[in-house]
There are 2 protein chains.
Amino acid sequence: MVVAHITDDSNNSKTMQDILFDFIAKYISLTEEEKNVLLSLDLFRSVKKGTILLKEGQKSRDEYFVLKGCLRKYYIIDGEEKTTAFFTEMDALTPHCVKNNDPSEYFISCVENTILIVTNPDMGVEVNAKFPKFDLMCRLMAEELLARQQINFDEFKTSSPEQRYLNLLQNRPDLIQRVPQHQLSSYLGIKPQSLSRLRARILEKSKG
Amino acid sequence: MVVAHITDDSNNSKTMQDILFDFIAKYISLTEEEKNVLLSLDLFRSVKKGTILLKEGQKSRDEYFVLKGCLRKYYIIDGEEKTTAFFTEMDALTPHCVKNNDPSEYFISCVENTILIVTNPDMGVEVNAKFPKFDLMCRLMAEELLARQQINFDEFKTSSPEQRYLNLLQNRPDLIQRVPQHQLSSYLGIKPQSLSRLRARILEKSKG
DNA sequence: TGAAATCGTTCACTTAAGTTAAGAAATGAA
DNA sequence: TTCATTTCTTAACTTAAGTGAACGATTTCA
C-alpha cells in the first residue's frame, strides 16, 4: 500500500505534488524550502479500490487528505450500509475516533484507487518542528470545513430527496458518475429503488 | 439591549459568570486574573424574545455564545420559514457571513429572552492582547463543534422523520418544550401537520 | 377587553418514499 | 469464456409525508 514515488496511472500533466501545493496555496504560502521539507515527510499513500481504511469498532489515529480518488464513509445499521459522505480530490477527513480515541462508529473505504496523504497527531511534534505553519493551515481548513458542513446540512434539511439529487447534479456532478447508485441513494437519504424512480421521474419531466 | 449587570430573572444560584467559566473550564484553565480581564471586556448582551439578530441580506461580524436562552437560525425559502438549527445554553454560533463578509443567507432570532456573549473578529486584536488563550480556546471549540456537527448530520441522514423526533426527545428533550411546534417540525425536515400526526402515531403505539 | 393573528390539531386527499419481489444488465472471478 | 454475484431498474402494494382546508385554542396587541 505504500508508494515511494508518487506516480499516477493517468497521463495528466499535474503531478500529485502540484495538486497538493496548489491546494495548500489557498491557505498559506510556502517557500521552496518548506515544500521540500513537506515532501520529505513521506506522507503519501496509494490505496486500492475496495480497501477498507477504517472499520467500525476499530481505533485509529490516522487522518486523510485525498489527492486523487474517492473515499466513502458509511455506517452499518441493522445490517444495512448507510453512506453519509464521500471525500474526493482536495477533501480532508478526520475520523471522529482520532480526536477522542474511542472505537469508530463507522467504516471508511476506497470507492476508487486513491492517492492519499496520511497524517496522525503523533506526528504533530515532528511535523510542527519541521513545518511550523502546519498548525495554522489545519485551523484554517477546519474553519472552512465547518462552514461548508453547516451549509450542506442546512441544504439537506431544507430540500426534498428529488431536490437533493438535483443539487448534487449541480454541485458534484462527478460523484454521480463515479459512485455506485446504491451508495449515492443512501447518501441522499433514500433507498436505491427510490433513487431509480426519482431519476426516471426527472427524465420524464424533462422530456415533457 | 445592552445590560451593564448580568442578572437573571430566575432565581437560579448560578450566575452568568459561573456558567461562562464552567464552560470555558472544559477547554482551558483560567487564573482569577484572566477571569477578571475577560469580564472587563464587557461582552455580555441581554436580548428580548423575538428580536432578530441577523437578517437575510445583512452583513455582520458578530459571533454569539448563548449563556441562557435560545436562538434560532432559519431561512426563508419560497416565502416559508425553514428552521435549520437551535442554539441553547453553551452553544456557539458563528454566522457564515462573518467569515467571508458576504450578505447572510439566513435569519437568526431569539426564541426566548436570551443572554449572550457577543464577539467579533475586529476585537480579536484587543482580546488577544489581554487574553492570549482565547485563540486556543476557539480552536478547540471549533474542532469539537465540527465533530459534533458531522455526527448530527450523519444521524439526520440515516434516520426517518419519526426516528429523528425520537432522537430529539432523547438528546434535547428541553427543545421540544421551549420551541413552537412549527419551528421544530421544519428543524426535523417535515411540515407541522406531519409532526402533529407523527406525535399522535407515537402516542398511539405507546398506548398499545 | 375584544378583535385579529398565530398556533396546534385533525381530516380527506394527493404524492412520494419504503417494501418486497423479480428480472435484466454489468461486474468479477475461476 | 462462463458462472456467480452484484447492481440497477421496474412493478405492485404499503406506509408516511405533503397539501389544502377547517376548527378551536392561544397569544398578541390595539
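Reminder, nothing fancy here: chain letters follow the sequence lines and each chain counts from 1.
Rounding to whole angstrom units, CD of residue A:E204 and P of C:dA16 are separated by 13 Å. For the pair A:R164 CZ and C:dA16 C1', the computed distance is 12 Å after rounding to whole Å. Atom OH of B:Y165 and atom C1' of D:dA16 are 17 Å apart (whole Å).
With sequence neighbours excluded, the residues satisfying side chain to side chain donor-acceptor pair (under 3.5 Å) with A:Q163 are A:N167. Every side chain to side chain donor-acceptor pair (under 3.5 Å) that A:E81 has, sequence neighbours left out, goes to A:R72. Listed by chain and number, the residues in a side chain to side chain donor-acceptor pair (under 3.5 Å) with B:T84 are A:D154 (sequence neighbours excluded). Applying the ring-ring contact (aromatic ring centres under 6.0 Å, His included) test to A:Y75 and every residue at least two apart in sequence or in another chain returns A:Y106. A search for ring-ring contact (aromatic ring centres under 6.0 Å, His included) contacts involving A:Y74 returns A:F107, not counting sequence neighbours. In terms of the ring-ring contact (aromatic ring centres under 6.0 Å, His included) criterion, B:F21 has no residue partners (sequence neighbours excluded).
From one end of the helix from C:dT1-D:dA30 to C:dA30-D:dT1 to the other, with five pairs defining each end axis, the axis direction shifts by 60° (rounded to 10°).
Between B:K73 and B:D91 there is no salt bridge, since none of the side-chain N atoms of the basic residue sits less than 4.0 Å from a carboxylate O of the acidic one.
Within the structure, salt bridge (charged side-chain N to carboxylate O under 4.0 Å, His left out) contacts touching residues 182-195 of chain B (residues at least two apart or in different chains) are B:E80-B:K191. The ring pair (Phe, Tyr, Trp, His ring centres under 6.0 Å) pairs that include a residue from residues 76-96 of chain A are A:F86-A:Y187, where partners are two or more places apart or lie in different chains. Applying the salt bridge (charged side-chain N to carboxylate O under 4.0 Å, His left out) test to residues at least two apart or on different chains, the pairs with a partner in residues 107-118 of chain A are A:E112-A:R178.
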Could you list, one pair per line, each protein nitrogen or oxygen that sits under 3.5 Å from a nitrogen or oxygen of nucleotides 3-8 of chain D, together with the distance?
from	atom 1	to	atom 2	distance (Å)
D:dC8	OP1	A:Q181	N	2.8
D:dC8	OP2	A:Q181	N	3.2
D:dC8	OP2	A:H182	N	3.0
D:dC8	OP2	A:H182	ND1	2.9

What string of B, S and - do you get for nucleotides 17-30 of chain C 5' to 3' if you count protein non-hydrogen atoms under 4.0 Å? BBBB-------S--

